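Data first, discussion second: the structure below is written as structure tokens.
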Amino acid sequence: QVQLVESGGGLVQAGGSLRLSCATSGRTFSRYVVGWFRQAPGKEREFVAAIRWTSGGTYYADSVKGRFTISRDNDKDTVYLQMNSLKPEDTAVYYCAARMGAVLTTNKDDYDYWGQGTQVTVSS
């Protein structure tokens with residue numbers, strides 16, 4: 001049983017930083033891609049960033065490129081999303097997701113496993 005558990009969300013002022021964590025368990029994630037998505041009220045769930053577990057290759061949405069960094073810790077089986085220079089429009093529930101394979105896809109329907117989400121609120 002694959003489990004993904006997010007943590008690290010909270011309330012921060014614009015310009016501030018947060019680091020989200022996604023703890024993985026239940027499988028060896030060496031052949032997985034792990035991604036972060038977010039969903040604001042009344043909006044579709046959108047892609048934020050993804051990382052290929054084996055190579056560490058990454059891909060980012062244009063809206064977060066240069067501000068967010070995705071990384072993984074193999075020893076802790078955890079994926080991180082470092083978010084800097086946060087803006088009010090970054091406010092959303094952030095979800096961690098995983099899929100088998102090596103393709104860094106931005107399509108949420110390609111991901112098989114999801115966490116419960118963590119709220120990020122950026123005040124202006």
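Worth saying up front: this structure is predicted, and the values here are computed from it rather than measured. Count residues from 1 along the sequence.
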Going through the checks in order, is the side chain to side chain contact (heavy atoms under 4.5 Å, CB included) test met by T105 and Y59? CA-CA 9 Å; T105 175; Y59 188 75; over 6 Å; no
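- When the ring pair (Phe, Tyr, Trp, His ring centres under 6.0 Å) test is applied to F37, the partners found at least two apart in sequence or on another chain are F47, Y111, W114.
- The distance from atom CD of Q119 to atom CD of Q39, rounded to the nearest 0.5 Å, is 11.0 Å.
- When every heavy atom of Y94 is checked against every heavy atom of D90, the shortest pair comes out as OH-O, 2.6 Å.
- Looking at every heavy atom in both residues, V64 comes nearest to V48 through CG2-O, 3.5 Å.
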When you look at C22 and Y80, which way does the side chain to side chain contact (heavy atoms under 4.5 Å, CB included) test go after all the steps? CA-CA 6 Å; C22 173; Y80 302 100; over 6 Å; no
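- The structure places CG of D75 at 5.5 Å from CG of D73, a figure rounded to the nearest 0.5 Å.
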For residues 8-21, dump all side-chain donor-acceptor pairs below 3.5 Å to protein atoms at least two apart in sequence or in another chain.
| unit_1 | atom_1 | unit_2 | atom_2 | d |
| --- | --- | --- | --- | --- |
| S17 | OG | N84 | OD1 | 2.9 |

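- The two residues I70 and Y60 come nearest to each other via the heavy atoms N-OH, 2.9 Å.
- Heavy atoms from other residues, nucleotides or ligands lying under 6.0 Å from NZ of K65 number more than 12.
- R38 forms no cation-pi arrangement with Y95, by the criterion of a distance under 6.0 Å to the ring centre and an angle within 45° of the ring axis.
- When all heavy atoms of A50 and V33 are compared, the closest pair comes out as CB-CG1, 4.1 Å.
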Could you go through residues 97-104 and list every donor-acceptor pair under 3.5 Å that involves a side-chain atom there, pairing it with any protein atom two or more places apart or in another chain?
| unit_1 | atom_1 | unit_2 | atom_2 | d |
| --- | --- | --- | --- | --- |
| R99 | NE | D110 | O | 3.0 |
| R99 | NH1 | V103 | O | 3.1 |

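- Here the closest non-hydrogen pair linking W53 and R72 is O-NE, 2.8 Å.
- Between the side chain of Q116 and the main chain of V5, no donor-acceptor pair closer than 3.5 Å is present.
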Check the pair K108 / E44 against side chain to side chain contact (heavy atoms under 4.5 Å, CB included), numbers first and verdict last. CA-CA 10 Å; K108 63 183 184 300; E44 292 282 323; 3.8 Å; yes
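- For the side-chain contact (heavy atoms from CB on, under 4.5 Å) test with L4, the passing option among T24, V34, V79 is T24; the others fail.
- Note that OH of Y32 is 4.5 Å distant from OH of Y113, once rounded to the nearest 0.5 Å.
- Formation of a donor-acceptor pair under 3.5 Å by the T78 side chain with backbone atoms of K76 is found in this model.
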